[in-house]
Amino acid sequence: MPAIPRLVAFDLDDTLAPSKSPIEPRIGELLIALAERVEVAVISGGQIQQFRSQVVDRLPASDAVAHIHLLPTCGTQYFRHEGGEFTAVYARELTDDEKHRALAAVEEEAKRLGYWETETWGPILEDRGSQITFSALGQAAPVDIKRAWDPTSEKKSALRDAVAARIPDLEVRSGGSTSVDITRKGIDKAYGMRQLSEETGIDLDDMLFYGDRLDTDGNDYPVLAMGVSCVSVTGWEDTAAKLDELIPTLPTRD
């Protein structure tokens with residue numbers, strides 16, 4: 001772990017907030033306090049609208065927001081705060097052919113495996129431009145129902161493997177509690193962290209990452225595997241407690 005990290009990055013769902021839920025006021029205050037000291041980044045499989053509703057809209061008013069970086073869809077998009085709002089720096093969009101093949105493969109394999117649910121909270125399939133996402137119960141499903149659908153990640157892993165065999169030229173990985181994400185090959189959270197390093201000029205050795213799925217099958221694992229210092233958390237309350245310990249050790253900006 002760097003003695004004094006220059007950038008602290010976070011997974012979103014089940015790290016800063018329950019799945020698809022807004023951050024608590026305490027997390028918002030801690031993120032701003034952290035941004036007053038170092039650069040702060042949030043990287044997750046969700047799309048920018050989720051980042052805005054879950055995080056941005058819940059942050060206390062502060063000039064420190066200029067030091068917060070958003071990387072939706074696992075870093076295939078990057079947003080930086082400029083001119084009073086978060087604006088896109090880049091987006092690595094899928095082609096129409098890639099989208100068509102990804103959507104067909106994940107729907108057909110989910111149905112074959114018996115994972116295509118008939119009662120959902122929103123659409124099962126989403127075209128996020130740079131990412132196709134399968135959400136077994138829909139994005140708006142209650143957190144407790146999502147957790148109960150695949151508590152061991154067995155279903156997600158089986159679906160991921162089946163879809164990956166169908167579209168080997170694309171990246172297929174487990175996402176949130178009920179989701180599988182598809183992007184261009186080689187794109188995962190490690191890709192997002194490398195892009196963040198290039199955009200900010202901050203070396204990966206000077207970064208610290210907090211995530212709830214650092215196990216080998218988890219979508220945060222690529223960050224650990226690439227050598228970035230990581231902190232494993234069990235939920236937003238655990239993240240808050242660990243930030244309470246970290247923030248006082250960091251000097252504020254001049």
Side-chain angles (χ1 to χ4, degrees), residues 1-17 23 27 30-31 34-35 37-48 50-51 54-56 65-81 86-94 128-131 133 160 170-176 179-233 236 239 242-243 246 250:
M1 183 180 297
I4 299 179
R6 295 178 58 200
L7 182 147
V8 180
F10 300 88
D11 169 48
L12 178 50
D13 286 342
D14 297 319
T15 295
L16 291 177
I23 60 172
I27 287 289
L30 288 167
L31 290 177
L34 192 58
R37 294 160 171 81
V38 299
E39 299 302 300
V40 174
V42 181
I43 178 168
S44 176
Q47 54 190 327
I48 187 59
Q50 291 171 239
F51 279 62
Q54 288 184 255
V55 181
V56 177
V65 73
H67 297 283
I68 295 178
H69 309 257
L70 306 178
L71 292 95
T73 54
C74 293
T76 58
Q77 300 173 16
Y78 172 50
F79 287 74
R80 190 161 50 207
H81 196 268
F86 282 96
T87 57
V89 175
Y90 69 72
R92 314 289 193 232
E93 300 285 328
L94 291 165
R128 296 179 175 176
S130 55
Q131 176 176 293
T133 294
R160 176 199 61 206
L170 297 176
E171 191 76 34
V172 185
R173 62 186 176 277
S174 295
S179 63
V180 168
D181 298 324
I182 303 169
T183 60
R184 286 186 174 168
K185 199 70 174 176
I187 291 181
D188 52 22
K189 288 186 181 177
Y191 170 88
M193 295 297 285
R194 282 191 292 269
Q195 293 297 303
L196 187 59
S197 178
E198 289 184 19
E199 295 289 343
T200 62
I202 297 174
D203 194 274
L204 292 169
D205 289 340
D206 292 322
M207 295 184 182
L208 185 61
F209 176 83
Y210 287 71
D212 70 300
R213 289 296 311 280
L214 290 164
D215 55 284
T216 53
D217 287 329
N219 61 353
D220 297 326
Y221 179 73
V223 182
L224 178 65
M226 74 187 302
V228 171
S229 294
C230 293
V231 178
S232 179
V233 297
W236 76 264
T239 301
K242 286 173 177 170
L243 288 180
L246 174 68
L250 304 174

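Note that the structure is predicted; figures quoted are calculated from it, not measured. All heavy atoms count here, side chains included; hydrogens, waters and symmetry mates do not.
- Using modelled atom types, one finds no donor on one side chain facing an acceptor on the other under 3.5 Å when comparing Ser174 with Asn219.
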Pairs of donor and acceptor atoms involving the side chains of residues 4-12, under 3.5 Å and at least two apart or interchain, shall be tabulated with distances.
{"from": "Asp11", "atom 1": "OD1", "to": "Lys189", "atom 2": "NZ", "distance (Å)": "2.8"}
{"from": "Asp11", "atom 1": "OD2", "to": "Thr15", "atom 2": "OG1", "distance (Å)": "2.9"}

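- Residues His69 and Glu199 have side chains not in contact (no heavy-atom distance under 4.5 Å, counting atoms from C-beta outward).
- When all heavy atoms of Val55 and Ile23 are compared, the pair lying nearest together is O-CD1, 4.0 Å.
- Residues meeting the side chain to side chain contact (heavy atoms under 4.5 Å, CB included) test with Ala91, sequence neighbours left out: Gln77, Glu93.
- Side-chain contact between Tyr191 and Arg92 is present, with heavy atoms from C-beta onward closer than 4.5 Å.
- Here the closest heavy-atom approach between residue Arg173 and residue Ile187 is recorded as NH1-O, 3.0 Å.
- In this structure, Phe51 places its CZ atom where more than 12 heavy-atom neighbours from other residues, nucleotides or ligands lie under 6.0 Å away.
- Cation-pi geometry between Arg80 and Tyr78 is not met at under 6.0 angstrom from the ring centre and within 45 degrees of the axis.
- Contact annotation: the side chain of Phe209 approaches that of Asp220 to within less than 4.5 Å [non-hydrogen atoms, C-beta and beyond].
- When every heavy atom of Leu246 is checked against every heavy atom of Tyr210, the shortest pair comes out as CD2-OH, 3.4 Å.
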task: Under the side-chain hydrogen bond (donor to acceptor under 3.5 Å, both in side chains) rule, what do Thr76 and Thr183 come out as? Steps first, then yes or no, please.
output: CA-CA 8 Å; Thr76 58; Thr183 60; over 6 Å; no
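- Residues Met207 and Ser197 meet the side-chain proximity criterion, which asks for heavy atoms closer than 4.5 Å.
- In terms of heavy atoms, Asp217 sits closest to Arg160 at O-NH1, 4.2 Å.
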